[in-house]
Amino acid sequence: MIEENAEFDLFWELTLRGNNSKEKYQKILATLIDVLKNGKLSIGAKTNSGFGRCELQDIHVIHLDFNNKNDVLEWLKQEWQKSDYQGEGSEWKMEPYLIENRTFSIDAKFAIKNSIIIRAYSEKANMPDSTSLTSAGKYVLPGTSLKGAIRHRALKILKTLIPKRILLKIRSIAYSVLPGRI
């Protein structure tokens with residue numbers, strides 16, 4: 001588990017071949033920088049575990065031409081001599097693509113009827129077998145646990161409202177479209 005507000009280095013490398021449009025890829029790069037710089041992109045958001053919202057803080061874009069011997073040496077040594085883009089006020093003006101916001105969110109308050117424990121298992125012999133999962137000293141509820149609970153309850157509601165024969169037909173159609181995911 002990565003702690004909230006963790007900082008780490010991110011290194012991306014983009015290779016353009018002779019038939020690639022430099023302008024198109026600069027625009028894609030500008031878009032990635034824009035959404036990451038403004039904390040608008042969640043990395044791993046479509047999977048069960050990801051980094052969550054990320055924000056770039058110290059941005060450097062370096063353009064290397066592999067027809068130039070010095071640029072090849074710079075890349076091999078990973079000792080960057082120049083930077084084409086260093087954040088705000090940079091000489092290199094990159095125009096990002098306009099992205100529509102397609103965010104769906106639910107703002108709700110929940111109450112626990114009984115109790116809940118998301119287990120964290122100890123590897124030490126003198127510790128309890130399991131305790132509540134924490135991160136940075138706070139109890140956490142992973143999205144996968146919440147997803148499982150909501151899915152279980154939704155299936156229970158469907159089984160109550162829809163006759164079994166229709167539910168089985170829906171399930172067989174879903175299996176044919178999304179095998180192994182239902």
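Along the sequence shown, residues are numbered consecutively beginning with 1. Keep in mind that the numbers below use all heavy atoms, side chains included, and drop hydrogens, waters and symmetry copies.
The structure places CD1 of Ile62 at 10.5 Å from CD of Glu13, a figure rounded to the nearest 0.5 Å. Within the model, atoms CG of Leu133 and CZ of Arg119 stand 12.0 Å from one another, a figure rounded to the nearest 0.5 Å. Taking CG from Leu29 and NZ from Lys22, the interatomic distance works out to 11.5 Å, rounded to the nearest 0.5 Å. Here the straight-line distance linking atom CG of Asp34 with atom CD of Glu95 works out to 9.0 Å at 0.5 Å rounding. Atom CG of Asp71 and atom NE2 of His63 lie 8.0 Å apart (nearest 0.5 Å).
Heavy atoms from other residues, nucleotides or ligands lying under 6.0 Å from CG of Asn68 number more than 12. Counting heavy-atom neighbours within 6.0 Å of Glu7 CD, excluding the residue itself, gives a total of 12 or less. By the 6.0 Å contact criterion, CG on Leu98 is open, its count of non-hydrogen atoms from other residues, nucleotides or ligands being 12 or less.
Contact check for Leu64 versus Glu74: side-chain heavy atoms found under the 4.5 Å cut-off. Within the 4.5 Å cutoff, side-chain heavy atoms of Leu141 are placed close to those of Ile118.
Contacts of Glu23 classified as side chain to side chain donor-acceptor pair (under 3.5 Å), with partners at least two apart in sequence or in another chain: none. For the ring pair (Phe, Tyr, Trp, His ring centres under 6.0 Å) test, no residue two or more places apart in sequence or in another chain qualifies with Tyr121. By the side-chain contact (heavy atoms from CB on, under 4.5 Å) test, Tyr97 is found to be paired with Lys24, Lys27, Ile28, Thr31, residues two or more places apart in sequence or in another chain being considered. Residues forming a side chain to side chain donor-acceptor pair (under 3.5 Å) with Asp65 (at least two apart in sequence, or on another chain): Asn67. For the side-chain contact (heavy atoms from CB on, under 4.5 Å) test, no residue two or more places apart in sequence or in another chain qualifies with Ala149. Residues forming a side-chain contact (heavy atoms from CB on, under 4.5 Å) with Ile166 (at least two apart in sequence, or on another chain): Ile162, Pro163, Ile170. Thr160 meets the side-chain contact (heavy atoms from CB on, under 4.5 Å) test with no other residue; sequence neighbours excluded.
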